[in-house]
Amino acid sequence: MRVLVTGGAGFIGSHTVVELLEADHQVVVVDNLSNSSLVALERVAGICGRAPAFAKVDICDKAGLRQVFAEHRPEAVVHFAGLKAVGESVEKPLSYYQNNIAGTATLCEVMAEHGVRQLVFSSSATVYGDPETLPIREDAPLGATNPYGRTKLFIEEMLRDLHVADPSWRIAILRYFNPIGAHSSGRIGEDPQGIPSNLFPFITQVAIGRRDRLQVFGDDYPTADGTGVRDYIHVVDLALGHLKALERLAAGPGLVTCNLGTGQGYSVLEMVKSFERVSGRKVPYEIIARRPGDIAACYADPSMAQKELGWTTIRSLDEMCRDGWRWQEGNPKGYSETE
Ligand code: NAD
Ligand code: UFG
C-alpha cells in the first residue's frame, strides 16, 4: 500500500516507518522537522535498506500537501504530526490549536480532495483526564485537563463528525498510553529537545551522565509504593499497532477507537529498578513534591485493540529498558552527534 506518514521523522513516526517499509509498503513522510531531525530518516534507511520518500512540508500548508498527494498518490494516511508538550501547550495554546487542530482539518480536506479516506490518528490516553476506574476502557468518560489534551479531544470529535457526514471514511483513532524504548538496532530512538519532561528519557539521561539525578514527583499517591503508575508500551509494539489498524481499515469502512497499551501499570520506582537491573547503571533519585496536573495511575484495558485490530503487545518492560538504553548509550546526545 502507498502510505503517507505525517510526523514520520519523529519518535513514534520513525519507528512506524521502519515497520511499514519492512512490511513492503511504499512510504512518503511529510514532516516540517520542528521537533525532529532528518538523521532519523537516514537511520531508518540504514535499518531497512531503502529510504522512505520525504517532503519537508507543514500540515497547515494546503498547497504543499496538495503537491505531495498529487505526486505520491497515497492510499492511506498515518497522522502523527503535532505538538505534544503539555507544559508548552499551557503557555502557547494558540500554537497548539493551530498546529494540531487546524493542521488536521487541512490534512483531511486535502485527503478528501484526492479521494483518500483512510486515516489512522495518534490520540492519547490524556483524553481520559483523571480516570474514575482502572483499567481504562474506550467508553470511559472523556475530558482533557490542558490545551494539548483538548486538541486531541477536539480532533477526535472532528473525526467522528467527519465519519457521520461521510461514512465512506475509514478512521482508526488510537489512544496511546506511555510509549518508551527504541528500535532493537539502537539506531533510532527518542531524542527530546532540552530537559526531558517524561520519565523514561530522563532516566536514560541520568544513567548516561547528562543529568545528576532523577526527581520523583511525589511518593504519596494511593499506589502500592506511593509513586505514579503508568502503562509503558514499547514503541515498536505501538508502531505495529498502526500496521494492524491499516489492515483493519483496508478490510472495511467504519470508525474504530482503540487504546494502545499493555494493560499493565508500573510505578516510577519499579521503572527505576528495572532500568538499573537491565542497564547495570545506578539511577540516583530524590523524592520531591507532586507535579501539578499529574494523576496517580493510568493503565489501559487493551482488549478492544485485540478484538478490532488483532493486535496485542509482546515486548516486556525489560525489553523497553534494554532497547531504550542501547539507543541512549550508542547516541549519548541523540541525533545531534552523528558519525
Ligand atoms: P514527535 O515530536 O517526536 O513527532 C511529531 C513529529 O511531527 C515531529 O517530527 C515534528 O517535527 C512533526 N510535526 C509537528 N508539527 C508539524 C506540522 N505542523 N507539520 C508537519 N510536521 C509536524 O512526537 P511523538 O512522540 O513521535 O508523537 C507522535 C504523535 O503521537 C503526536 O501526535 C503525539 O501527540 C502523539 N502521542 C505521543 C505520545 C508520547 O508520549 N510520545 C503519547 C500519546 C500521543
Ligand atoms: N515522573 C517523575 N519524574 C520525572 C518525570 C516523570 O517522577 O522527571 C513521573 C510522573 O509523575 C508520572 C510518571 O513519572 O507518575 C510518568 O510521567 P511522564 O511524564 O513520563 O508521563 P505522563 O503519563 O505524565 O504523560 C504522558 C505524556 C503526556 C500525555 C500523557 C497521557 O507525556 O503528553 O502521557 O497520555 F498526555
Side-chain angles (χ1 to χ4, degrees), residues 5-16 29-38 40-41 55-61 64-65 78-89 95-96 98-100 102-104 106-107 121-129 144-146 148-149 151-152 155 174-180 189-193 195-203 205-206 211 213-219 221 223 227-233 235 238-239 260-261 265-269 271-272 285-300:
V5 180
T6 75
F11 172 44
I12 306 169
S14 56
H15 288 82
T16 304
V29 169
V30 167
D31 201 303
N32 66 1
L33 302 180
S34 59
N35 195 37
S36 53
S37 159
L38 261 192
L41 293 181
K56 185 167 186 263
V57 168
D58 193 297
I59 56 163
C60 299
D61 169 8
L65 281 181
V78 182
H79 177 32
F80 294 106
L83 302 176
K84 64 163 185 176
V86 172
E88 184 187 58
S89 80
S95 306
Y96 276 69
Q98 173 64 29
N99 202 71
N100 294 5
T104 302
T106 302
L107 173 69
F121 171 63
S122 304
S123 188
S124 166
T126 197
V127 299
Y128 296 116
T145 55
N146 57 67
Y148 164 71
T151 68
K152 292 295 176 190
I155 294 168
L174 305 181
R175 294 178 179 154
Y176 311 157
F177 281 68
N178 291 55
I180 62 166
E190 187 171 12
D191 185 19
Q193 305 305 301
I195 302 170
S197 53
N198 294 118
L199 177 66
F200 190 76
F202 205 105
I203 287 178
Q205 290 194 7
V206 171
R211 320 220 165 255
R213 66 173 70 81
L214 172 70
Q215 296 190 317
V216 176
F217 300 144
D219 67 349
Y221 284 105
T223 60
T227 65
V229 166
R230 297 291 184 275
D231 185 340
Y232 297 97
I233 172 172
V235 65
L238 184 69
L260 295 188
Y266 289 101
S267 73
V268 175
L269 295 182
M271 173 63 87
V272 169
Y285 67 84
E286 61 178 336
I287 309 283
I288 63 158
R290 292 181 180 191
R291 180 169 63 178
D294 268 4
I295 56 178
C298 173
Y299 49 93

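Remember, it's a predicted structure, so these values are computed and weren't measured experimentally. Whatever order the structure lists ligands and atoms in, that order sets their numbers, starting from 1.
Sparse packing is recorded around OH of Tyr285, with 12 or fewer heavy atoms of other residues, nucleotides or ligands lying under 6.0 Å away.
In this structure, Asn198 contributes its side chain and Phe200 its backbone to no donor-acceptor pair below 3.5 Å. Of the possible donor and acceptor atoms, none in the side chain of Asn100 sits under 3.5 Å from a partner among the backbone N and O of Gly82.
For Tyr96, there are no ring pair (Phe, Tyr, Trp, His ring centres under 6.0 Å) partners two or more places apart in sequence or in a different chain. In terms of the side chain to side chain donor-acceptor pair (under 3.5 Å) criterion, residue partners of Tyr128 (sequence neighbours excluded) are, by chain and number, Arg175, Asn259. Qualifying side chain to side chain donor-acceptor pair (under 3.5 Å) partners for Tyr176, counting only residues two or more places apart in sequence or in other chains: Ser122, His242.
Interface atoms of ligand 2 facing Val86, defined by a heavy-atom separation under 4.0 Å, are 33 (O). The ligand atoms of ligand 2 that sit less than 4.0 angstrom from a heavy atom of Tyr148 are 33 (O), 36 (F). Those atoms of ligand 2 with a heavy atom of Thr126 less than 4.0 angstrom away are 31 (C), 35 (O), 36 (F). Heavy-atom proximity to Ser197, at under 4.0 Å, picks out these atoms of ligand 2: 5 (C), 19 (O). The contact set between ligand 2 and Leu214, taken as ligand atoms under 4.0 Å from a residue heavy atom, comprises 3 (N), 8 (O). Atoms of ligand 2 lying under 4.0 Å from any heavy atom of Val216, numbered from 1 in the order shown and given with element: 7 (O).
Of the candidates Tyr232, Phe200, Phe177, Phe217, it is Phe217 that places a heavy atom closest to atom 7 (O) of ligand 2. For the residues Asp294, Asp219, Asn178, the heavy atom positioned nearest atom 21 (O) of ligand 2 is part of Asn178. Residue nearest to atom 24 (O) of ligand 2, selected from Arg291, Gln215, Lys152: Arg291 (by heavy-atom distance).
By the 4.5 Å heavy-atom criterion applied to side chains, Arg211 and Pro196 are counted as neighbours. Contact of the Val57 side chain with the Leu65 side chain is registered, since non-hydrogen atoms from C-beta on lie closer than 4.5 Å.
The shell of residues lying under 4.0 angstrom from ligand 2, judged by heavy atoms, excludes Gly149.
The protein residues lying under 4.0 angstrom from ligand 1, judged by non-hydrogen atoms, are Gly7, Ala9, Gly10, Phe11, Ile12, Asp31, Asn32, Leu33, Ser34, Asn35, Ser36, Val57, Asp58, Ile59, Phe80, Ala81, Gly82, Lys84, Asn99, Ser122, Ser123, Ser124, Tyr148, Lys152, Tyr176, Phe177, Pro179.
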